[in-house]
Amino acid sequence: TQLLEQSPQFLSIQEGENLTVYCNSSSVFSSLQWYRQEPGEGPVLLVTVVTGGEVKKLKRLTFQFGDARKDSSLHITAAQPGDTGLYLCAGGRYGGATNKLIFGTGTLLAVQP
Amino acid sequence: EPEVTQTPSHQVTQMGQEVILRCVPISNHLYFYWYRQILGQKVEFLVSFYNNEISEKSEIFDDQFSVERPDGSNFTLKIRSTKLEDSAMYFCASSELGAREFGYTFGSGTRLTVV
């Protein structure tokens with residue numbers, strides 16, 4: 001069974017602080033996606049990374065895919081209350097015809113004003 | 001922006017009853033999925049559907065579950081005889097192709113409560 005472990009599980013910070021969320025696995029993934037989910041809503045795709053070592057930036061969010069494609073990180077600079085939510089990483093497998101994603105355990109972020 | 005629509009948003013049903021959860025995926029998408037999320041737990045894959053047939057299903061998706069795309073637009077998940085442990089948020093998702101690279105678009109979910 002492929003598992004994606006996220007850390008930390010919970011994070012409460014003050015507005016303006018920086019933070020990093022980690023997503024780790026012992027398995028290789030062909031891509032790694034990050035989603036944000038708000039209460040009562042479905043996950044919303046933030047980014048997809050597909051190449052080992054790839055770095056993508058989305059405004060104050062920086063995403064990195066590990067060189068071995070087993071891990072990823074999400075760094076938020078100068079967090080704002082609007083960044084509050086559940087952050088999910090999800091790995092796409094090699095091969096197969098289904099494009100199934102394996103979701104991580106989630107990181108719940110609360111940014112206090 | 002195109003979106004995936006799910007109905008109903010909430011469903012309460014008695015144990016043993018059948019429920020049908022409905023989804024309208026994005027019109028030009030080719031792959032369709034159901035995931036579920038039990039309260040406080042992670043998002044779990046149930047089933048994927050492509051070219052009018054199931055392409056993969058998880059061990060959760062037993063004989064009590066079925067999916068259909070009856071009319072080319074709707075995509076339904078049926079649970080024949082609900083159990084208490086089926087209580088969860090059920091998310092429908094679709095992808096154009098290559099979800100490994102392009103990701104999914106999720107609906108807002110149906111909260112199913114089995115009493």
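Just so you know, these numbers come straight off a predicted model, no measurement behind them. Here is the naming used below: chain letters follow the sequence lines, and residue numbers restart at 1 for every chain.
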* **Non-neighbouring partners of A:Arg60 that pass side-chain hydrogen bond (donor to acceptor under 3.5 Å, both in side chains), sequence neighbours left out** => A:Asp83
* Structure fact -> Bottom line for B:Gln6: the part with an atom under 4.5 Å from chain A's heavy atoms is neither
* Steps toward side chain to side chain contact (heavy atoms under 4.5 Å, CB included) verdict (A:Trp34, A:Val21) -> CA-CA 11 Å; A:Trp34 285 90; A:Val21 176; 3.9 Å; yes
* **Heavy-atom contact with chain B under 4.5 Å, split by part of A:Leu108** => neither
* To do: Against chain B, label A:Glu38 side chain, backbone, both or neither, depending on which of its atoms sit under 4.5 Å from a heavy atom there.
  => neither
* Structure fact -> Heavy-atom nearest pair, B:Ser55 first then B:Phe49, reads OG-N, 3.8 Å
* What orientation do B:Tyr50 and B:Tyr31 show, parallel under 30°, tilted 30 to 60°, or perpendicular over 60°? -> parallel
